[in-house]
Amino acid sequence: PHLDDAMGKDRAKDAKDAKDKSKKGDPKAEPPSTKGVQSMELRHILVEKQSVALSVIEQIEKGSTTFNEAARNNSIDKAGRSGLLGWKRREELDPDFWDAALTCKEGDWLREPVKTQWGWHIIMVQGRK
């Protein structure tokens with residue numbers, strides 16, 4: 001899929017849907033540190049299959065590899081060193097990736113892979129501002 005297609009006309013609708021959802025339900029559901037987040041410093045491991053993502057997560061949790069080693073050895077995104085995406089704003093990322101990253105504590109990584117049009121991501125949040 002072409003990047004412009006992914007970020008195009010449905011994007012405003014997705015952003016509105018996300019805002020609508022955040023106003024409903026338990027106000028404690030979203031950690032207070034995510035309010036007003038302009039950008040996040042991120043790493044990720046991108047793989048084609050959920051089964052591969054789950055296997056990589058298991059290896060990291062067992063301590064047989066680190067997140068950065070797993071990124072170097074497994075990620076199909078070779079653009080960033082050890083999975084580094086750097087500081088990204090909401091509009092630079094897939095909405096599902098951004099929303100998932102908001103649920104992750106700063107300095108931690110998500111134990112559940114996140115599906116986007118590019119594949120399955122294991123996401124680490126290094127910082128927020």
Within this structure, what is the [atom1]-[atom2] distance for the pair [X] and [Y], rounded to the nearest 0.5 Å?
X: K129; Y: M40; atom1: NZ; atom2: CE; value: 12.5 Å
X: W87; Y: L85; atom1: CH2; atom2: CG; value: 12.5 Å
X: M124; Y: R43; atom1: CE; atom2: CZ; value: 7.0 Å
X: F67; Y: Q126; atom1: CZ; atom2: CD; value: 8.5 Å
X: E48; Y: I76; atom1: CD; atom2: CD1; value: 4.5 Å
X: D77; Y: H121; atom1: CG; atom2: NE2; value: 8.5 Å

When hydrophobic residues are tied together by side-chain contacts of less than 4.5 Å, even through go-betweens, does L110 share a cluster with I60? no
Are L102 and L42 joined in one hydrophobic group, where the rule is that I, L, V, M, F, W and Y side chains link up if heavy atoms are under 4.5 Å apart? yes
Considering all heavy atoms, the nearest [X]-[Y] contact:
X: D96; Y: D94; result: N-OD1, 2.8 Å
X: W98; Y: K88; result: CZ3-O, 3.5 Å
X: G83; Y: A71; result: N-CB, 3.7 Å
X: W118; Y: L46; result: O-CD1, 3.7 Å
X: K78; Y: R72; result: NZ-O, 3.3 Å
X: K49; Y: W120; result: C-CD1, 3.5 Å

Here's a test for you: under side chain to side chain contact (heavy atoms under 4.5 Å, CB included), which of V125, I45, I123, I122 qualifies with W109?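 For W109, the side chain to side chain contact (heavy atoms under 4.5 Å, CB included) test succeeds with only one of V125, I45, I123, I122, which is I122.
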Is there a donor-acceptor pair under 3.5 Å between the side chain of D108 and the backbone N or O of C104?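 Such a contact is absent between D108 side chain and C104 backbone.
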Would you find more than 12 non-hydrogen atoms of other residues, nucleotides or ligands less than 6.0 Å from R111 atom CZ?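 Enclosed.
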So for atom NZ, which belongs to K115, do other residues, nucleotides or ligands contribute more than 12 heavy atoms lying within a distance under 6.0 Å?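 Above 12, so yes.
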Answer yes or no: is there a side-chain heavy-atom contact under 4.5 Å between S75 and V47? no
